[in-house]
Protein chains: 2
Amino acid sequence: MTTGLGDSPARASYRHGDLRRALIEAGVDLAGEGGPSAVVLREATRRAGVTPSAAYRHFADRQALLDAVCSSCQALVARAIEADQARIHTTDATDAARLRFRAVGTGYLRFALEEPGRFQTAFSASSDLESATSSARAGERGLTPFQLLTVALDDLVTEGLLSTEHRPAAEFLAWSAVHGLAELFIDGPLRALPDPVKQTLITRVIDMVEQGL
Amino acid sequence: MTTGLGDSPARASYRHGDLRRALIEAGVDLAGEGGPSAVVLREATRRAGVTPSAAYRHFADRQALLDAVCSSCQALVARAIEADQARIHTTDATDAARLRFRAVGTGYLRFALEEPGRFQTAFSASSDLESATSSARAGERGLTPFQLLTVALDDLVTEGLLSTEHRPAAEFLAWSAVHGLAELFIDGPLRALPDPVKQTLITRVIDMVEQGL
DNA sequence: CTTACATGTGCACAACGTACACATATCAGT
DNA sequence: ACTGATATGTGTACGTTGTGCACATGTAAG
């Protein structure tokens, strides 16, 4: 019998309390250390001070755990975007809308560069359009990254910066460009670029989107 | 002793002949069936009719095999681009340059949709800018996908369709947008979209790039 | 207080990557 | 042609992973 000695404070009770949450948190940590493939079920249970089998009381399989971790990571992306948007101080509504839109891109890419592992994990699990709006993936304002982008684009239309004609599907165009750059940065050919160059590219990609939409 | 009976024609010789190539080919097949994670060393050796250990005479480890498979898959991407470019019939040089540029995008995305597993594998292994120009990743013309894009952009400049001012780093902007769309298609939220809608998005993203560069 | 349920344990199994000693095919130089 | 040296494949073994199942133990309901 493995007594569980060696685990942190050695669970007071036989029950864990909130194993589901603990496993997700361990998973998010692992994701930060090594990306989606590092989200290993056994290691997560180890960190939660629990037997591998215990995980199956809360997740159907490893993929289900990874999905949950992925949702948590998307929530972190949402927070990164919100943080960049919160830095905006403008009285001009039109300018504010434009900057909020750009902040979606900068926040997204800043997170990708600061937390590559968690970023990759956030978009590793196949999600469809419904799950892209699930509340588990939302930030403080209760909006997912995708929803933050949608809102920002709607505001562009409201402010007359984007014609209603070009509005449809604009989120996918913008998302493609920014997400693609993130991929090239993280494990694409742009990985080794010095940071200032990366910043320049970020600006230019967002310029391209703004101009090309 | 596992005689190897059950393997296809049961190797004539004790030596395989070209195991390295056979393993890569098996790997490319596996990639097509299940993406990068399906490129399993043991399964590749099984398909080559050989013991798992034999692979280590040709590859340092699984990652080395995956790298080689990745290069092969990039070569397939190059061929897909070349195929789209070959369909162009125009006497006007300016028009041709523009269409060749767009064909880089359409070929890239067509391959991503037709062969999602191999496409993902092509860009799964971390490659830097040098390896993006390695000949193992080239198509018939001896150019990698990245090089095909670079050439297409240079031609745009030659034809006066792109100012030299905007030329620098343009490949990364274009690549970001197209690659990002591919990701959204393959295991992103756009996976379930009907094909005609996908085609429309492809056109619009390339429009965006052309206009926003 | 007992019975049901939820949750964690222990053990087992197959698959994977990989290491190492061994066997055999091929080639170089005498 | 004989003899090493070298290249390449075999056999076996070990640790790790995901996962299933019988069992145990807390917690709650009657």
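A, B, ... follow the sequence lines: proteins, then strands. Residue 1 opens every chain.
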Once side-chain contact (heavy atoms from CB on, under 4.5 Å) is applied, do any residues pair with B:Gln147, and if so which ones, sequence neighbours excluded? B:Thr133, B:Leu143, B:Thr144

Near DNA chain C, under 4.0 Å by heavy atom, which residues of residues 20-41 of chain B? B:Val40, B:Leu41

Pairwise 5' ranking along DNA chain C for B:Ser53 and A:Ser53, keeping only the more 5' one: A:Ser53

Under the rule for side-chain contact (heavy atoms from CB on, under 4.5 Å), what residues qualify as partners of B:Ala136, not counting sequence neighbours? B:Ser71, B:Ser134

Considering only residues two or more places apart or on different chains, which pairs with a residue in residues 185-213 of chain B satisfy salt bridge (charged side-chain N to carboxylate O under 4.0 Å, His left out)? B:Arg98-B:Glu210, B:Arg102-B:Asp207, B:Arg102-B:Glu210

Report the nucleotide, chosen from C:dT18, C:dA12, D:dT10, that has the shortest atom-to-atom distance to any side-chain atom of A:Arg42. C:dA12

Partners meeting salt bridge (Lys or Arg N to Asp or Glu O under 4.0 Å) with A:Arg21 (sequence neighbours left out): A:Asp18

Looking at residues at least two apart in the chain, or sitting in another chain, which of them share a side-chain contact (heavy atoms from CB on, under 4.5 Å) with A:Pro194? A:Pro196, A:Val197

Not counting sequence neighbours, list each pair that qualifies as a salt bridge (charged side-chain N to carboxylate O under 4.0 Å, His left out) and has a residue in residues 135-146 of chain B. B:Arg79-B:Glu140

ring-ring contact (aromatic ring centres under 6.0 Å, His included) partners for A:Phe123, two or more places apart: A:Tyr108, A:Phe119, A:His179

Under 3.5 Å, N/O pairs linking protein and nucleotides 24-28 of chain C:
| residue | atom | partner | partner atom | Å |
| --- | --- | --- | --- | --- |
| C:dA25 | N3 | B:Arg15 | NH1 | 2.9 |

If you take all heavy atoms of A:Ile88 and A:Ala103, which pair is closest and at what distance? CD1-CB, 4.2 Å

Going by number, which of residues 54-69 of chain A have a non-hydrogen atom under 4.0 Å from DNA chain D? A:Tyr56, A:Arg57, A:Asp61, A:Arg62

Applying salt bridge (Lys or Arg N to Asp or Glu O under 4.0 Å), can you list everything that pairs with B:Glu33, at least two apart in sequence or on another chain? B:Arg47

Keeping to residues at least two apart or across chains, list the salt bridge (charged side-chain N to carboxylate O under 4.0 Å, His left out) pairs with something in residues 51-75 of chain A. none

Of the nucleotides C:dC16, C:dA19, C:dG8, which has the atom closest to the B:Arg46 side chain? C:dC16

